[in-house]
Amino acid sequence: MMAVFVYVGWFVARTGRPGTGLLISSAAFVFLVLTGGKNALGMVFVAGIITFLVARARSLWTKALVALGPLVLINFLTVGSVVSEAARWLLAALPVDVTFTGRTEIWNFALDAIKAHPWKGHGFEAFWYSDAVRFGAEDSTRWMVEVSTSHNSYVDLVLTIGLPGLAFVGLAFLVAPLRDFHRTLDTRANQELARLFLALWLFSLYFGVFEAFILSRANPMWLVLALAVCGLRFTSRYQVRDERQVAVPAPLPETATAVPG
Amino acid sequence: MSAQDLITTRAAQAEVAPTGFLEPLHGVVALAILLAIFVTLSPFTDLSDPYVVDLLSGKEAVTYITLFALAVLSGLLLYGRLRLVVGALATTANFLLLAWLVVTVVSSTEPSTSARRLVITGTTFALAAALPWLTKGLRHFTNLMIAAVVTALVLSYLGALVVPHLTIHQLTDLIETDIAGDWRASMVTRISPPR
């Protein structure tokens with residue numbers, strides 16, 4: 001969550017309170033470093049750079065390539081390394097822990113479990129801690145009983161709601177939000193808010209490579225992703241009320257209304 | 001008629017603005033949602049407590065009841081404007097996903113567990129959708145975010161100073177002893193895989 005706070009601080013700074021924003025971002029960043037969460041720390045920078053590039057890309061296709069291309073590549077290099085010789089060969093050339101702190105073992109286990117039900121999955125949020133895992137574990141996989149997720153949102157989705165489920169999540173949470181950002185209403189408040197939601201959306205998608213939280217109950221990162229996706233939708237359709245312009249109301253686009261926040 | 005056709009610019013602008021004695025309550029509920037997620041109801045988890053395993057397995061009844069209550073309250077406060085919220089989110093992609101999720105609940109290896117968790121997931125999504133509408137504008141939204149984030153940050157730093165055994169991973173913890181010494185925020189446990 002500290003990574004999310006870094007972006008909130010950046011948003012606060014951009015909306016007219018640079019001192020407060022800088023303080024929030026700095027405090028969150030220092031705490032993030034002290035947690036030792038290398039993946040979250042790395043993704044703060046990766047998602048930050050991609051946010052910057054997506055916001056400046058003109059066409060929807062360029063935005064899609066910049067936003068989602070690296071996501072596919074990172075998934076290939078991480079989860080893909082479990083099954084692909086090419087991914088392992090590429091990974092060996094990079095200065096990273098090729099097991100991703102033990103995640104490859106979990107991914108291997110999860111990919112095996114996916115083979116049992118690739119289309120309908122094991123059931124919504126019904127794999128980890130399930131009786132099948134708890135009582136079906138052999139000695140070599142006994143440690144899996146204590147694992148709560150597959151540490152990759154996309155693997156977890158296929159595991160629980162199958163390949164069609166992953167495709168539908170892709171439509172609703174990857175394709176639609178990007179299109180919505182492309183259609184953000186051209187007011188200052190809409191643009192500022194949409195930029196925050198874009199950063200949170202991208203961070204969630206990229207952090208999802210190492211943690212599983214998409215559609216996951218009351219997981220704080222799931223709320224952050226949902227807020228970003230809904231926020232991008234709203235800022236593409238409704239004009240955000242900007243209290244800074246109370247004296248001189250901005251003209252409203254014909255098909256837009258004002259949405260608070 | 002599309003959802004956009006239902007909206008008539010300035011007339012609708014007046015309609016969506018929260019007014020009356022309930023107006024302050026909108027902000028209070030929005031802040032409560034942010035705090036419930038950013039800080040949680042049990043910010044300092046004792047990882048040496050055997051009960052922590054229950055927490056991690058999703059048996060956080062109090063949290064779920066609180067979120068559900070906040071969702072109901074948000075719905076009541078936004079009554080009359082819900083068509084704007086739902087109208088924007090009533091997309092083909094969302095309907096397809098929802099329909100498929102119901103299929104995976106019915107065909108689940110543990111249907112009752114899946115059904116319960118789908119309700120919780122949907123509640124969280126509803127809270128996220130309602131949150132922007134509970135604020136009065138960009139400035140108000142930003143102020144609430146600042147309040148929630150600063151609260152979480154202060155609690156996290158204070159926790160590390162005052163109750164380090166609850167906010168810094170310990171060798172005596174029942175889980176994640178391999179990252180003993182690493183800080184953990186007041187609200188979220190970073191679950192690491194076995195090495």
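Values reported hereafter were calculated over all heavy atoms of this structure, with side chains retained and with hydrogens, waters and symmetry mates removed. Just so we're on the same page: letters track the sequence lines, and every chain starts at 1.
B:T109 contributes atom OG1, which lies 8.5 Å from atom CZ of A:F127 (distance to the nearest 0.5 angstrom). The line from NE2 of A:H117 to OG of B:S108 is 9.5 Å long, rounded to the nearest 0.5 Å. Note that CG of A:L227 is 8.0 Å distant from CG of B:L34, once rounded to the nearest 0.5 Å. If you take CD1 on B:I37 and CG on A:N219, they are separated by 8.5 Å, rounding to the nearest 0.5 Å. One finds the CZ atom of A:F213 at 13.5 Å from the OG1 atom of B:T124 (value rounded to the nearest 0.5 Å). Distance check, rounded to the nearest 0.5 Å: CZ of A:F124 to CG of B:L118 gives 5.0 Å.
The side-chain heavy atoms of A:M2 and B:S156, taken from C-beta on, include a pair separated by under 4.5 Å. No side-chain heavy atom of A:T160 sits under 4.5 Å from any side-chain heavy atom of B:T104.
The contact between A:A218 and chain B is made by backbone and side chain atoms together, counting heavy-atom distances below 4.5 Å. A:V8 touches chain B through its side chain: at least one heavy atom from C-beta onward sits under 4.5 Å away, while N, CA, C and O do not. The contact between A:L196 and chain B is made entirely by side chain atoms (from C-beta outward), counting heavy-atom distances below 4.5 Å. Neither the backbone nor the side chain of A:T99 comes within contact range of chain B; no heavy atom of the residue lies under 4.5 Å from a heavy atom of that chain. Of the two parts of A:V30, the backbone and the side chain both hold a non-hydrogen atom closer than 4.5 Å to a non-hydrogen atom of chain B. The contact between B:V85 and chain A is made by backbone and side chain atoms together, counting heavy-atom distances below 4.5 Å. Heavy atoms of B:L96 lying under 4.5 Å from chain A belong to its backbone as well as its side chain.
Minimum interatomic distance between B:N94 and A:A172 (heavy atoms only, all atoms of both residues): OD1-CB, 3.4 Å. The two residues A:W222 and B:T121 have their closest heavy-atom pair at NE1-O, 3.3 Å. Contact record, A:E125 with B:R117: O-NH1, 2.7 Å, taken as the closest heavy-atom pair. Across all their heavy atoms, B:G87 and A:R237 have their closest contact at O-NH2, 4.4 Å. Nearest approach of B:W100 to A:K120, heavy atoms of both residues: CZ2-CA, 4.1 Å. Taking each heavy atom of A:C230 and B:F125 in turn, the nearest pair found is SG-CZ, 3.5 Å.
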* To do: Take B:L97 and A:L171, measure what side-chain contact (heavy atoms from CB on, under 4.5 Å) needs, and give me the verdict at the end.
  => CA-CA 9 Å; B:L97 176 59; A:L171 280 177; over 6 Å; no
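In B:F68, the CZ atom is not crowded: 12 or fewer heavy atoms of neighbouring residues, nucleotides or ligands sit closer than 6.0 Å.
Side chain of A:R233 to backbone of B:A88: a donor-acceptor contact under 3.5 angstrom is found.
Evaluation of the ring-ring contact (aromatic ring centres under 6.0 Å, His included) rule for A:F210 yields A:F100 as partners, not counting sequence neighbours.
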List the atom pairs, with distances to 0.1 Å, where a side-chain N or O of residues 138-150 of chain B and a protein N or O form a donor-acceptor pair under 3.5 Å, not counting sequence neighbours.
{"residue": "B:H140", "atom": "ND1", "partner": "B:K136", "partner atom": "N", "Å": "2.9"}
{"residue": "B:T142", "atom": "OG1", "partner": "B:L138", "partner atom": "O", "Å": "2.7"}
{"residue": "B:N143", "atom": "OD1", "partner": "A:R17", "partner atom": "NH1", "Å": "2.6"}
{"residue": "B:N143", "atom": "OD1", "partner": "A:R17", "partner atom": "NH2", "Å": "2.9"}
{"residue": "B:N143", "atom": "ND2", "partner": "B:R139", "partner atom": "O", "Å": "3.4"}

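Of the residues considered (B:T113, B:L89, B:T91, B:V103), B:L89 shows the highest number of contacts with chain A, using heavy-atom pairs under 4.5 Å.
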